[in-house]
Structure formats: C-alpha cells, structure tokens
Amino acid sequence: MSTARSSFLAAAEDRGFVHQCTDRDGLDARLAAGPLTAYIGFDCTADSLHVGSLLQIMLLRLWQRTGNKPIVLMGGGTTKVGDPSGRDETRRLLSDADIDANMAGIRRVFDRFLTFGDGPTDAAMTNNALWLDRLEYIPFLREYGRHFSVNRMLTQDSVRLRLEREQPLTFLEFNYMMLQAYDFVELARRERCFVQMGGSDQWGNITMGVDLGRRAGGFELFGITSPLVTTSSGAKMGKTAQGAVWLNQERLSPYDYWQFWRNTEDGDVGRFLRLFTDLPVSEIARLEALGGSEINAAKEALATAATALCHGSDAASAAAETARRVFAEGGIGENLPVTETPRDALAAGAPAIQLFLETGLAASLGEARRLIRGGGARINDAVVDDEARRLTLDDVSADGVIKLSAGRKRHALVKVV
RNA sequence: GGAGGGGUAGCCAAGCGGUCAACGGCAGCAGACUGUAAAUCUGCCGACUUCGGUCUUCGAAGGUUCGAAUCCUUCCCCCUCCA
C-alpha cells in the first residue's frame with residue numbers, strides 16, 4: 001500500500017500509475033494541503049487518440065477524481081516541430097488545417113473521460129500554439145535559451161539514441177525539448193499549473209521543464225511519469241489485427257474495442273483493471289485472484305468497464321451482450337457489422353468470396369480464397385470447403401441475414417434487401 | 001561545393017543478367033491445442049484467375065539485351081565525411 005497522504009498520490013501509487021517523480025514527498029505534501037493543477041501534453045498527429053495514450057488520459061481522470069484540476073495541453077505548436085523521442089525517422093510535418101481538425105477529434109475523446117467546465121476542478125484544454133506561434137527567435141534565445149545546456153541536451157535519450165544509431169536528427173527536432181520545457185513555464189504563469197505528468201519516455205522533457213521553471217520563472221514545479229505499458233509477452237500494447245486501437249467509434253467500433261480488452265493476456269488482467277478502469281482496488285484484487293478459465297470473468301469485467309468509460313455504459317453492455325451471443329451461443333448479435341446485398345444477387349447465387357471481400361473479412365478475392373483453402377471461412381458457422389461456393393437465398397436465416405466468419409473471432413452479417 | 005555510401009513488398013533485410021512475385025527475420029491472417037489467454041506446431045502472406053496461367057512491382061524515366069531488381073545514361077531523394 002502507498003504511504004502517500006494525498007488521495008491522488010495514494011491512489012496513483014496503489015494502482016500502478018507512478019514510474020518516477022521529481023520530488024515525491026514534496027508533491028505529496030502540496031497535494032495534501034490543497035488542490036493543484038496538472039497537465040499532460042498530447043500530440044495532434046492524428047484525429048483521434050489510441051490506447052497508447054489511454055494511460056495518460058486515465059492519469060488525468062484520476063487527478064480530477066481526487067479533487068484536482070487537469071489541463072489537456074494540445075501540442076498544436078509542438079506538432080509543427082515533432083517529438084524525436086522513440087523515433088529514428090523525422091516525422092512528417094502537418095499543416096495548420098490538419099492540426100486543427102485533429103484537435104477537434106481528440107477533444108471529443110476527452111469529453112468522455114474528463115469533465116470540462118469553469119469550476120475549480122473542471123478540466124480545461126489549451127493549445128501551445130497559443131504562445132509558441134508568437135515566439136520571437138532572438139528574445140526567446142536570450143531569455144530562455146541561455147538556461148539550456150547543449151551538453152545536457154545531447155545526453156537526453158531522445159537525442160543520444162539517434163546520434164548513437166547514426167540516425168538523422170534535424171535542428172528543428174532538436175528544439176522540441178526546449179519548447180516543451182517552455183510550455184511548462186508558460187502554463188505555470190498562465191494557469192498556475194505546477195505539475196506535469198506524462199509517459200516515462202517524457203521524463204527528460206519534463207525535468208528540463210522543471211529546471212527551466214526554477215531558473216527562468218522562480219517556480220517550484222513537479223513532474224510525474226507513468227510506466228510504459230507492455231503486455232506480459234513484451235509487446236507494446238495497442239495493436240490489433242486491424243491496426244491501432246482507436247478511442248473514437250468512427251475508427252473502431254465499441255464492439256471491437258470491447259473485444260480488444262476481452263482478449264487481454266491472463267497476466268495483464270489485474271494490472272489493466274487498475275490502470276484502465278475505475279473499479280475499486282479491493283474488487284480488482286478479487287477478480288485477478290480468479291484462476292484457470294475463471295479469469296475470463298475478470299476479462300469480461302475489464303472489457304465492459306473500459307468500454308463504458310470510452311463509449312458509455314449502454315454501448316459497453318450492448319457489446320458484452322453481442323459477445324455473449326456470438327461466442328457463448330454461437331449465434332449472432334446486433335453489434336456485428338452488417339453489409340447489405342440485394343435479393344436478386346442472392347437469387348442468382350453470389351460468389352462467397354465476393355461477400356467475404358465486401359464485408360471486409362478479406363482484403364481481396366485472393367485472400368478470401370486462401371481463407372477458404374485454409375479452412376478458416378465459415379458461413380452460418382459451417383466451414384466452407386469449396387472456393388467456388390455461392391451464397392443463395394437458402395443460406396438466409398430466419399432473421400433475414402447470413403453470418404460470415406473469418407476465424408473464430410471475426411464475424412459479419414450479410415443482410416438481404 | 002568535394003568525396004564516398006544508399007533507396008527492394010507493412011517493417012528490417014538478402015539478391016547483383018535468366019531457375020525472381022524476389023532468400024531470411026519480424027509483424028499479420030488461418031488451422032491444431034485451449035479458456036475468445038499465453039506458449040508451441042502447421043499452412044498462408046502482390047493483384048486477378050475458367051487454377052492452365054495472366055497482369056503489375058525492386059526510387060523515377062529512358063536505354064542495352066532473346067531476357068534486367070541485377071548492366072548503362074539522366075533525374076529525384078536520403079545518409080556519412082571533408083570544406
């Protein structure tokens with residue numbers, strides 16, 4: 001159990017959110033004395049966030065739930081520069097219009113997790129383009145550049161790794177850490193925000209901000225980083241067959257999101273419950289103690305709780321219900337993707353491979369053929385053994401649909417119209 | 001500006017005149033085993049196909065050749081070192 005006095009730090013430590021902290025006891029004392037404001041910066045390189053950012057979102061959520069004020073800092077300005085951390089290649093540069101569109105999409109994701117408003121603990125969102133776009137080169141260098149040591153900047157992982165691996169690093173990217181450090185000072189001034197949180201890969205950037213705050217602004221600033229979340233088998237989490245696990249439903253349906261969590265590895269269930277749901281720690285302890293196939297109950301609880309946070313409890317229970325019908329009963333559920341096909345086509349006999357392509361279960365006709373050859377294709381739960389198989393009206397069930405499956409987990413419905 | 005090294009499928013990476021739709025690894029998909037887990041094993045993994053083949057691909061465009069990812073020319077891009 002955490003020894004922290006403040007409710008935030010106690011909960012964060014107990015649930016496994018804390019990796020490093022610049023002055024843990026100092027921060028604990030400040031938090032115990034009264035509410036604070038903290039921020040986390042997010043890139044806007046895409047129009048949604050994915051599971052890779054979820055830990056940071058949950059950290060802000062916990063911050064708010066324990067009575068403090070969270071600020072979401074959109075990197076509208078820093079996105080124009082590109083964080084070199086963890087990359088060997090320069091990121092492509094985005095236009096202002098792209099960045100604006102991406103920010104709007106990301107805002108919709110945050111609305112699910114945080115309560116925005118004007119109250120003392122309401123979340124706020126701001127954009128560092130607000131101050132970064134207006135920076136003047138010479139004044140900035142004279143006022144802040146003199147506090148940065150190139151010697152130290154060269155030792156930062158983001159820079160050092162690139163240099164060691166003889167990968168290119170442009171001067172533009174080299175400036176990223178200065179700008180991020182400056183953000184912290186700017187937020188301290190504007191919002192009296194003295195805490196920055198982030199992933200463990202941001203430690204260097206955060207500590208530079210803490211130092212700059214002291215040197216250039218006389219602020220006492222704090223930094224906290226969260227651990228890098230990998231699965232028990234070592235993979236970076238957040239990838240599925242279809243790609244990244246997005247948090248907006250336009251990119252990934254609530255059903256697929258539920259499935260992502262349902263398929264968590266055994267060894268990760270407890271950790272993920274603590275990080276990605278609001279369930280009480282005592283309840284989580286009970287769930288993760290389940291052994292053997294009973295652990296599946298814990299995975300379902302994880303999936304439903306995590307989906308409820310992201311897409312609402314209605315969508316979560318609908319996804320759970322669909323999964324129950326599809327997997328436990330081998331039937332169909334409303335949440336499966338539906339493709340419509342005209343009755344005439346079926347009357348004439350539509351090639352099965354064509355429908356596998358149209359439903360998205362296969363990416364090409366050839367892939368559909370291979371799926372059938374490999375024995376992974378099923379129509380109404382019966383394995384397809386003939387590549388030339390045609391779908392006819394005889395395949396339509398009483399519900400007016402045909403269920404197509406690629407493997408055990410991917411299903412789609414064809415509806416006759 | 002000078003010298004050198006590169007650009008091959010989602011990624012890494014072989015190939016260096018035919019047997020190359022292109023070795024190998026990773027990622028991915030499917031099957032077996034299971035618990036919608038992990039690990040393991042097996043198959044698949046450019047597109048189309050009447051399964052005989054056909055078409056497009058190795059930075060771009062030309063050329064040599066019966067035949068080019070492989071040779072030549074020009075162009076574009078990237079890296080390293082020197083100035």
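In this text, all values refer to a predicted model and were calculated from it rather than measured experimentally. Reckoned from all heavy atoms, side chains included, excluding hydrogens, waters and symmetry mates. Chain letters run A, B, ... following the sequence lines, proteins first and then strands; every chain starts at 1.
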Distance check, [atom1] atoms only: [N] and [M], in whole angstrom units.
| N | M | atom1 | value |
| --- | --- | --- | --- |
| B:rU57 | B:rG10 | P | 14 Å |
| B:rA9 | B:rU56 | C1' | 13 Å |
| B:rC58 | B:rA21 | C1' | 11 Å |

In terms of side-chain geometry, is the basic nitrogen of [X] or [Y] positioned less than 4.0 Å from the acidic oxygen of its partner?
| X | Y | value |
| --- | --- | --- |
| A:D386 | A:R389 | no |
| A:D111 | A:R108 | no |
| A:D385 | A:R378 | no |

Side-chain N or O of [X] closer than 4.0 Å to phosphate OP1/OP2 of [N]:
| X | N | result |
| --- | --- | --- |
| A:S293 | B:rA37 | no |
| A:R373 | B:rA30 | no |
| A:R369 | B:rA47 | no |
| A:T264 | B:rA37 | no |

Aromatic plane relationship, A:F276 with A:W261 - under 30° parallel, 30 to 60° tilted, over 60° perpendicular: tilted
RNA chain B: 5'-proximal contact among A:K409 and A:G374 (nearest heavy atom): A:G374
Residue whose nearest RNA chain B nucleotide is more 5′ - A:G376 or A:L365: A:G376
From the options [options], select the nucleotide whose nearest atom is closest to the side chain of [X].
| X | options | result |
| --- | --- | --- |
| A:R410 | B:rU36, B:rC44, B:rC29 | B:rC29 |
| A:R408 | B:rA38, B:rU34, B:rG35 | B:rU34 |
| A:R262 | B:rG35, B:rU50, B:rU36 | B:rU36 |
| A:R370 | B:rG35, B:rA47, B:rA38 | B:rA47 |
| A:W258 | B:rG35, B:rC48, B:rU36 | B:rU36 |
| A:E265 | B:rA37, B:rG35, B:rA47 | B:rA37 |

Gap between atoms CZ and P, on A:F356 and B:rC29 respectively (whole Å): 16 Å
Whole-Å distance separating the CD1 atom of A:I372 from the P atom of B:rU49: 12 Å
For B:rG52, glycosidic torsion class - syn if within 90° of 0, otherwise anti: syn
A:R107 to A:F116 six-membered ring, cation-pi geometry met (6.0 Å, 45°): yes
Touch class at under 4.0 angstrom, heavy-atom based, for A:A377 against every strand present: nothing
Sugar-phosphate only, base, or nothing, as touched by A:E367 at under 4.0 Å among non-hydrogen atoms: nothing
Both distances under 3.5 Å, Watson-Crick or G-U wobble: report the partner of [N], or none.
| N | answer |
| --- | --- |
| B:rU34 | none |
| B:rG1 | B:rC82 |
| B:rC29 | B:rG43 |

A:R324 atom CZ, neighbour heavy-atom count above 12 within 6.0 Å: yes
